[in-house]
Amino acid sequence: MASSTLIDRRFIARGVERTGTARFAMWLAPWVLLLGVGLYAAYLCLYYGLNQTNMDNRFAFGLWIFLDLSIIALGAGAFFTGFLVYLIKMKELKAVLNSAVVLGFICYSGAMLVLAIDVGQPARAWFTFWHPNTHSMLTEVTFCISCYLVVLSLEYIPMLLKNRKLRQAPSFLAFEHQLHMLVPVLAAVGTLLSFFHQGSLGGLYGVLRGRPFAFREGFSIWPSTFFLFILSAIAVGPSFLALTTRLVEKVTGKALIPDSVYQRLGLISGLLLAFYVAAKSIDTLVWLNVTSPAVGFAPWEHYSYGQFGIWLMAAEIGLFGLVPAGLLLWPKTRASRGWLMTAAALACCGVLLNRFILTVQTLALPTLAFDEFMTYTPNWQEVATFGLVVAYGVILYSLSYRYLPLFPQEKELAGEVIEEGTHVSGR
Amino acid sequence: MKPTRRDVLALGGGAVASVFFTPIPWKLLDDASIWTQNWSWIPQPVKGPVEWKESACALCPASCGLRVKMAGGYAVGLSGKDGALCALGYGAHQMNWHPQRLTVVRHNGQPSTWAAAEAAFQKACAEGPVAIVDGRPGRGASQVYRQFAEKTPGALYAVIRTPEEEALRPVAAIAGVPVERLGYDLENTKLVLSLSAPLLEGWGGPQRVQRLWPAMQIIQAEAELSRTGTCAARRVQIKPGSEAMLAMALAHALLDEKLATGPRPAMSLAEAAALAGVELDEVKGLARTLAAQRPSVVISARPEPAVAALNVLLGAVGAEGGIVARNGAPAPAKSMDELPGTLRAALLDSTVPWDRRPAGAQEVFRFAAWRGGDEQGWMLPAPGFLEEATDNPATGARAEALLKPPAGVKTTVAFLGGELPAAQPVESAIVPLTCKLAAWPSAAPNGQDGRTAAWTAAWTPAVLAPLATKLHQESKLMPAGGGRRQA
Amino acid sequence: MKTQKPRRYGMVIDLDRCTGCGACMTACAAENNVAPGHAKATPRTGLTPMLVQRVSNGGAGADRREVFIPVTCMHCEHETPCVTVCPQQAVELDKATGIVNQMPQRCLGCRYCMTACAYHARYFNWWDPEWPVGMERTLNPGVAVRMRGVVEKCNFCHGRLHEAEDKAAAAGKAEIDPADYRPACVEACATQAIVFGDLNDPASDVRKASRHEDSFRLLARLGTEPKVYYRSKQEWVRGLAERGQQEVRRG
Amino acid sequence: MIRGLCFFLIGVAAIQVAGWVGLPKALYVTKAQPFEYRHKTHAEKSGSAECDGCHTLGADGVFAGLPKTESCAACHTEPQGKSAAEATLVSSYVKTEKETPWLVYARQPANVRFSHAIHTKRAKLACERCHGKHGESDTLRPYQENRISGYSRDIWGRSISRWKRVANEGMKMDDCEGCHKQQGFDTGCLSCHR
Amino acid sequence: MFPGVDGFHWTFAHVIFLAIFFAVGMTIVATTVLAIWRAHRDVKTRRVEQLRWHAEFEDLPPAERTCRHELAGRVEHRTCPHAFACGTCPEYSKYAALPTDAPEYAFGMDYPPNRLYHRGHSWVREDEDGLVTVGLDDLASRLVGKPDAVVLPEKGQWLEANGTGWRLRKNGCEMRVMAPIAGEVVETGSPAEGWYLKLRVPPEMRQWRHLLRGGEVPGWLMRELERLQLQLSPEGSAPSLADGGMLVDGLMDQMPKADWDNVMGGTFLQS
């Protein structure tokens, strides 16, 4: 069977070229394998308990919570693009909205998947809804992430029903049409929820009075990390979106969105990143000179242990904050596709580093006078579960790209030059 | 009309739509989370009303008073009667279920039977000298062992000396009194100078000194920082093994300052202080404190004639708060180490520490409640914690057995065919003791290396928690599935 | 306990008297049905609600000093970190007694409270509790055995508070006799280094001890109002109250 | 269209029956008590109808719960009457000195502390308030246990919807808390859990 | 989260928090229920057929949306923005007035002038007895040849314009032919008889401006043949069909290897 024959022709929309089913299966095979290994690791952790991981009483949060925070921050592209398209009427981003919603759905469902394994007693997860403690940031995170996952799936369903085979059922077609008409309401609700829980994820650490490294003063009940997390999430969302779309273009060899959309995403990301860097710098200065000394922790103390030196703070704000912001704001570098992608990648790494510092370094640093600095390395079960989420994401995105119309302008751009000089005949 | 796919869908739709109006989802959700609280594989405490009974702990000679919380016929909690128990005491009731519990007679590592053991013992008694070793003389069982020893020809009765008794041997020599009758009257002591003695780490019974310590002052002279050194009011750094030299230096200081009268040690003050590695004025200061805060006593970990002499100079021997003699002590008996070189067999009581055996015994009959260490000879299952009546040697009070021993367990008394005599309460009183120091004793070798290590209850962070056992403290044995011993 | 006025149970631990014998740790584990450490357990994954830490002043040879510090839950009162962060109210600062009480039945093991606690006084059940065959007969009936996947902590042996209340009720008294309620570690301390009682009661010796001038609290400046005080005549030990006062070596 | 609707309604009816009738039957498993016991005959024969005759509350507040075999053995060393139940008692429990493995209707889970001392002595509640007519029963009703949670059925109560419950039937946390709220007791988790 | 739940202490913060949560929850549920109800209504009122047609029209590549006036040559280039709904097209009259210069041949296929043609290759003819006959035009029937199976609507069923007319199956390829006009099915024919349906159309609905007639047909057919050439030519090779050649009958049987799913999608205007 030639690699280009499409067995699943009836599911793929007309006028769009997709690789042969065999070749597609070969692309999915390694990810399915990774998914299998991850599922086995998850089974071990659920069946035998969390002693399967390297976490301990000091490192109650480990690789998984870092993963949760990071993919939810990167998944912020979904609500922010929805917000821009439907509420700010930035129509040109419609080209990338569907992909953003799929990415958002993957990130949030992946985060919930990992949380289900990370929690000691998953069967009691509903207790947070039944006995909510409104003072806790984690309650707010639980409520909002579950609601927003519902909203995301409601935004994902219309795309699902646009599939050529499913569209033939009249009720599906009608439901897809009607839901599509109401999507702006969902986008508004999604934005409200997301602003709250992106903030609360930051608030998780800001309220820790017992951890001076993470504790921050703030505005009424919200610590400053609440606002910094929102800012960093919406700053990095568009970059991650541009990065992933570029990746998909490279893998499939097709032009999927016009260059103007890349420029627009880059500009938005650059502006917000600059604003974030400024806010972050002010917050760090206030923390080092006011908040931390007030509870008896000298500023240099937080950075004098193991490999967690001052370079970490410099990298987070400077290399991964200021540099990408500059690259994205300067029209010449934003115009060049290469620089735009490096800046986007740097911005994403900045958010990952920030989440890592707040999750792992907070726990590593001593608090009592006779505490010692401790380190932690994840074991294979934890890394395999991490791989499980990544594999789940890639597989879901590949399937969505193949069977659902993610990129409305793909047809017009078919045949356009995606690399300098190579004309694409459509593989 | 044949149901079509659409009908089945409609049926399913109806069911699913209205399932939330039935108790199914809600009751199952509620029960599912309750199920996670009652997993069948999580053990549950014994059901039944709780009652408190009194007994004594038989893990070591201290015989601390016990209040035992009983439920459903099992011991479910321990607490001290007149004071706290030691780190081992609070987990002792769990030791009966220790995976290494011995309930089957074993011979050289192979299971055997009581009959075979008795036959072997009869043969051994007939053929040659047999020694009965008693770990804790002065109990009802000890009398049975002594009668057996007298009755059978060629049988000897031997005891295990605790390191504290060993250390008092030089004082016994000077005072001319059997060492069993000597003891420390720490209840009235104000100042103790300890020469590397682990006073707060289990010396003289795990909690004895700790209970009295708040009322008295400890000065610790030692080479290496120990837990006692940490908590002591004052710590004197000395060279390793130079306890005797310090004692001689102190004796000189006392005599120079006219705080005491008596013969002088051969070695001069300056030389002794130098060997001990202590400044002269610190020695003088120590001497003055010793004299000022009487009643004071000097305790050394190992038998040191110099220390005994110093105590006599101080007037601590025979005085209140120092080293005193008491009546009603068990009759003197040979220590296990003084047994003749060749022995046909030795019967070791369950109170003999698991790693001690007479040197020359060809065949060993050891009573033990737990396996562990060398499996040479006969291992005879003995009753465990609170499973046999025990007497407190000091007061003669008898604590009845509270728990039923498992099948296949016999007491040593029963094995020897004796009967446990009725408890004779011993009203032990302090007897006046006068002692003069004729000449400073020659610096005899300070005896075999003191068994201080045995009594240093190595401090164990409680990752191991309640399974800290007497066995564990002395043996390298890991309870099956038990936690790691973390130095 | 509508009739009783609220009590604030607290502790004062005299560090000069602690010899590090570990009896409090064993008694705590036996009282609260803590299983023997799993074969793969380490001091970082063990269940030690009462943990005695060995700390030295960093010196060597003659001027090296050490102290044993029993660290347990401080039952913080002001903005109790673990109570405010628990998403499903599995932890509660009890109004009547001031005890911060953890409910393993409602805890879903998210471990957020463990990151919030500055004293690392919260421990996670990484393994299902396992006793050698038959040893479950020695479990203390007054305390429920926890299952894996939940966090647990010191709750001042409130099982004994229940026994004291039952005794008072049977005797017809409205309030418990303070001598009846002593946590396992307080009772297990041979040198009576731990004084326990109601901080609200001016006559109680825990109140007097907590007002002594050489008593201090760990990390008091964090503002969580811990209710466990420490005492020591040694200056360098009092220096351990706050971080960064001096270079300190552990172990 | 009508055809689809009626299938829909059949589905609805089926699930309602399954939920309200089927679930209670399937959820609980009935277990037999070790042997029959008549409170009424014992009350008449022993002359005292007081509960704390056998279910004693100690001076130190410890509630003895069900009497032990030795208190039965006081009269039943030899069978008094001809009933088969007494024969089982004597043969398999009194003679072998084993405790009778009663299935307790009002057994609370391991993590709940119910203090009989406080409720009977201080609050002066009558036993019937929670245990109903069990004291005068002349037969032991079947003991039903929840297959999933392992609780006795009396904890949730007889009716699956807990509607129109009699005072002494059903002792879930809501019931205890309801009563405490009425009496004005502010209960923290600490007071009832261990 | 509900009042009266065991051990639930209501505080002011709970009220705000849960109020927001329930508000968000209600919005989401309301949106979904509204969408479901509207979808249900659309299916009931058969509006779904228009929805389907509009969705399909959006997916057509620009080349297949050429306006009829461009076909007829009246205008240079124009793509239809209204899903071929010429009846309601505002600029219709403006363009209709322009002169046409379309050729008069039908590439050797049978396109009688008395019929009107729908872009989905079905034709309409008014009969004397007031009924309207509907059938498959010559190009489509040459492509399909003799269909394996035909699924016709029942008598008395109401068809929507651009809705589903009838279905054909050939060599495993499902084809849905769109109904050119709205009307009630009176009679059903068969491929042998050359027509498929006879519809009764109420007089006020006899307005078929959207159907192609006269001069527009050849232009339309030329484009259709060009598209067929492009789609039927094997991978990457130049179109091999000679210009002006007659379209042989039963092409699906002649060229089984071709991507008929794609071709038929284009022919019957489905994505």
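From a predicted model like this one, the values you see are computed outputs, not experimental measurements. Chain A is the first sequence line, chain B the second, and so forth, proteins listed ahead of strands; every chain is numbered from 1. Values below: all heavy atoms of this structure, side chains included; hydrogens, waters and symmetry mates excluded.
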Using non-hydrogen atoms only, which part of [X] is less than 4.5 Å away from chain C: side chain, backbone, both, or neither?
| X | answer |
| --- | --- |
| A:Ala294 | backbone |
| A:Pro212 | side chain |
| A:Ala214 | neither |
| A:Thr53 | side chain |
| A:Leu368 | both |
| A:Leu365 | neither |
| A:Phe127 | both |

Checking heavy atoms, do the side chain of [X], its backbone, both or neither come under 4.5 Å from chain A?
| X | answer |
| --- | --- |
| C:Pro104 | backbone |
| C:Val83 | backbone |
| C:Leu218 | side chain |
| C:Cys110 | both |

So which of [options] has the largest heavy-atom pair count under 4.5 angstrom toward chain C?
| options | result |
| --- | --- |
| A:Leu204, A:Thr142, A:Ile65 | A:Leu204 |
| A:Val141, A:Val207, A:Leu208, A:Thr134 | A:Leu208 |
| A:His135, A:Arg124, A:Met374, A:Arg211 | A:Arg124 |

Drop me the distance from [X]'s [atom1] to [Y]'s [atom2], to the nearest 0.5 angstrom.
| X | Y | atom1 | atom2 | result |
| --- | --- | --- | --- | --- |
| C:Leu219 | A:Arg209 | CG | CZ | 13.0 Å |
| C:Asn125 | A:Leu50 | CG | CG | 11.0 Å |
| C:Thr115 | A:Leu358 | OG1 | CG | 11.5 Å |
| A:Asp56 | C:Phe124 | CG | CZ | 11.5 Å |
| A:Phe129 | C:Gln88 | CZ | CD | 11.0 Å |

**Message:** Assess the residue pair C:Leu222 and A:Phe215 against the criterion (side-chain contact (heavy atoms from CB on, under 4.5 Å)); give the C-alpha distance rounded to whole Å, side-chain angles, the decisive distance to 0.1 Å, and a yes or no.
**Reply:** CA-CA 10 Å; C:Leu222 288 186; A:Phe215 180 72; over 6 Å; no

**Over 12 foreign heavy atoms within 6.0 Å of CD, C:Glu130** =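 No, because the 6.0 Å sphere around CD of C:Glu130 holds 12 heavy atoms or fewer from other groups.
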
**Message:** I'd like to know whether A:Tyr48 forms a side-chain contact (heavy atoms from CB on, under 4.5 Å) with C:Trp127, so could you lay out the CA-CA distance, the side-chain angles of the two residues, the decisive distance to 0.1 Å, and finally the verdict.
**Reply:** CA-CA 8 Å; A:Tyr48 290 104; C:Trp127 284 272; over 6 Å; no

**Message:** I'd like to verify something: which residue of C:Met114, C:Arg122, C:Arg111 has the highest number of heavy-atom pairs under 4.5 Å with chain A?
**Reply:**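 If we count pairs closer than 4.5 Å to chain A, C:Arg111 comes out on top.
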
**Asked** Which residue out of C:Pro87, C:Cys86, C:Ala118 racks up the most heavy-atom pairs below 4.5 Å with chain A?
**Response**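 Between C:Pro87, C:Cys86, C:Ala118, the count favours C:Pro87.
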
**Asked** Does a side chain donor of either C:Trp126 or A:Asn57 reach within less than 3.5 Å of an acceptor in the other side chain?
**Response**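 The criterion, which ignores hydrogens and geometry beyond distance, is satisfied for A:Asn57 and C:Trp126.
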
**Asked** Would A:Asn51 and C:His38 count as having a side-chain donor-acceptor pair, cut-off 3.5 Å?
**Response**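 Per modelled atom types, A:Asn51 and C:His38 side chains form no pair under 3.5 Å.
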
